[in-house]
There are 2 protein chains.
Amino acid sequence: MSSSKKLVELFYDVVSPYTWLAFEVLCRYRNVWNIELKFKPAYLGGVMHVSGNRPPGVVPNKFLYMTTDLTRLSDYFDVPLSPPANPFEAMFEKGSLNAMRFVTAVAEKEGDVEVERVSRELWKRIWSTDQDITQPASLTEAGLKAGLSASQVEEFLTLAKSQPVKDKLKSVTDEALKHKAFGFPLIVCHVNGKPEVFWGSDRFELMAHCIGEKWVGPQPGKPTAKM
Amino acid sequence: MSSSKKLVELFYDVVSPYTWLAFEVLCRYRNVWNIELKFKPAYLGGVMHVSGNRPPGVVPNKFLYMTTDLTRLSDYFDVPLSPPANPFEAMFEKGSLNAMRFVTAVAEKEGDVEVERVSRELWKRIWSTDQDITQPASLTEAGLKAGLSASQVEEFLTLAKSQPVKDKLKSVTDEALKHKAFGFPLIVCHVNGKPEVFWGSDRFELMAHCIGEKWVGPQPGKPTAKM
């Protein structure tokens with residue numbers, strides 16, 4: 001890491017569709033802005049519980065709006081978001097604890113490339129193709145699609161059930177809570193030794209201003225970029 | 001109104017700081033985009049109640065974040081936001097019913113210029129100088145600062161207590177609820193005969209894309225514009 005690069009931490013959970021947008025935008029801007037992007041897989045359920053927050057979708061009008069909002073953003077951000085048939089079941093009944101333990105196991109043993117690919121495959125399952133992310137077979141499929149070998153997947157599935165990985169996921173979640181998290185994405189930019197915390201996938205223009213960079217829309221450098 | 005101009009309706013209540021940001025941005029872009037901006041003074045308390053939404057500030061971490069977020073946005077948007085010493089008292093205990101009835105009275109008798117000025121003076125009181133907006137003396141002060149005469153202010157104070165004005169405020173609030181409002185600002189863009197609804201002060205880039213215009217940051221045309 002060059003000393004001039006600003007560290008940007010992304011606390012995330014694949015259960016959150018807005019976080020997928022932020023994840024893809026930061027993966028794109030990693031090569032545009034002078035930043036080091038650090039993935040921090042965490043557990044949104046824990047953050048919601050400890051902070052006393054409740055999902056926005058419990059207000060019917062807000063749920064309706066979010067559906068429209070996500071459809072528009074999916075197009076504008078060029079991220080293939082498509083809500084599962086039963087979002088409440090997918091997000092709250094089934095949840096993401098196993099999936100995020102699996103991502104944590106990958107993060108413990110592999111590098112950013114693998115973490116990025118596995119996370120994206122899991123997001124695709126829950127938020128694009130409406131597939132399960134709780135069962136070992138589902139995690140295996142995501143892992144293989146992400147380019148892991150069968151033996152690696154097996155190793156990470158075992159590791160995901162181990163106490164150190166459970167503890168690790170909890171400690172990263174606690175780290176997010178120390179930054180006063182109440183939801184994801186939580187993006188922490190380290191500027192002049194101070195953490196600047198941003199929540200959501202709609203503060204990139206402000207964030208760019210804060211870290212001395214330029215926001216040119218969600219698809220930088222692409223001919224399809226809208227700005 | 002030129003037939004090519006797109007109608008953009010802003011449903012607002014001066015009790016909401018994020019709505020002030022949206023109000024100022026739309027007042028600026030009114031001269032940049034090919035739109036007709038229509039002010040729709042409404043009552044946020046009614047929207048929150050009917051939609052079953054609750055204020056974001058009730059989650060302590062979210063309240064903390066909003067304070068930081070508003071400070072940053074105030075600077076970036078160049079809107080002199082400064083939270084009152086006791087936001088809960090100002091927003092929920094004292095509230096904005098009298099203020100929005102007063103604005104409604106102004107809207108019934110005067111044009112957009114007066115509505116804009118009076119709304120801005122009320123926002124300045126609650127969200128910049130920490131002053132009351134519930135008492136007749138407070139509304140008078142705001143009205144005079146906005147350029148109304150003493151006799152106009154008196155007329156609007158009386159009118160604000162009349163049934164037709166109370167009904168009007170309720171009907172505009174109901175109109176917002178028909179657009180499935182759950183909070184303000186609610187911005188309704190009429191595009192090809194279809195209402196496109198946006199919530200918040202952080203969807204302008206997306207909104208511009210939707211109405212075929214260009215977003216160049218919250219301070220268009222100013223040398224201080226950050227983009």
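Here the structure is a predicted model, which is why all the values come from computation and not from measurement.
Atom OH of residue B:Tyr76 and atom CE of residue A:Met207 lie 13.0 Å apart, to the nearest 0.5 angstrom. With rounding to the nearest 0.5 Å, the separation of CZ in B:Phe198 from OG1 in A:Thr68 is 9.5 Å.
Listed options B:Leu64, B:Val197, B:Leu73 were ranked by heavy-atom pairs under 4.5 angstrom with chain A; first place goes to B:Val197.
Scanning residues 180-188 of chain A against chain B with a 4.5 Å heavy-atom cutoff picks out A:Lys180, A:Ala181, A:Phe182, ordered by number.
The contact between A:Arg54 and chain B is made by backbone and side chain atoms together, counting heavy-atom distances below 4.5 Å.
Under a cut-off of 6.0 angstrom, the local environment of NZ in B:Lys166 is crowded, with over 12 non-hydrogen atoms contributed by other residues, nucleotides or ligands. Environment of CZ in B:Arg117: sparse, with no more than 12 heavy atoms of neighbouring residues, nucleotides or ligands closer than 6.0 Å.
Within the 4.5 Å cutoff, no side-chain heavy atoms of A:Glu205 are placed close to those of B:Asp202. In this structure, B:Arg203 and A:Asp69 have side chains that are in contact, with non-hydrogen atoms separated by less than 4.5 Å. Counting heavy atoms from C-beta outward, B:Glu196 and A:Arg72 have side chains that approach closer than 4.5 Å.
Within the structure, the salt bridge (Lys or Arg N to Asp or Glu O under 4.0 Å) test picks out the following pairs touching residues 91-101 of chain A (sequence neighbours left out): A:Lys94-A:Asp132.
Annotation: ring-ring contact (aromatic ring centres under 6.0 Å, His included) contacts of A:Phe88 (sequence neighbours excluded): A:Phe63, A:Phe92. Under the rule for a ring-ring contact (aromatic ring centres under 6.0 Å, His included), the partners of A:Tyr12 that lie at least two apart in sequence or sit in another chain are A:Phe23, A:Trp123.
The shortest heavy-atom contact between A:Pro60 and B:Ser51 is CD-O, 4.2 Å.
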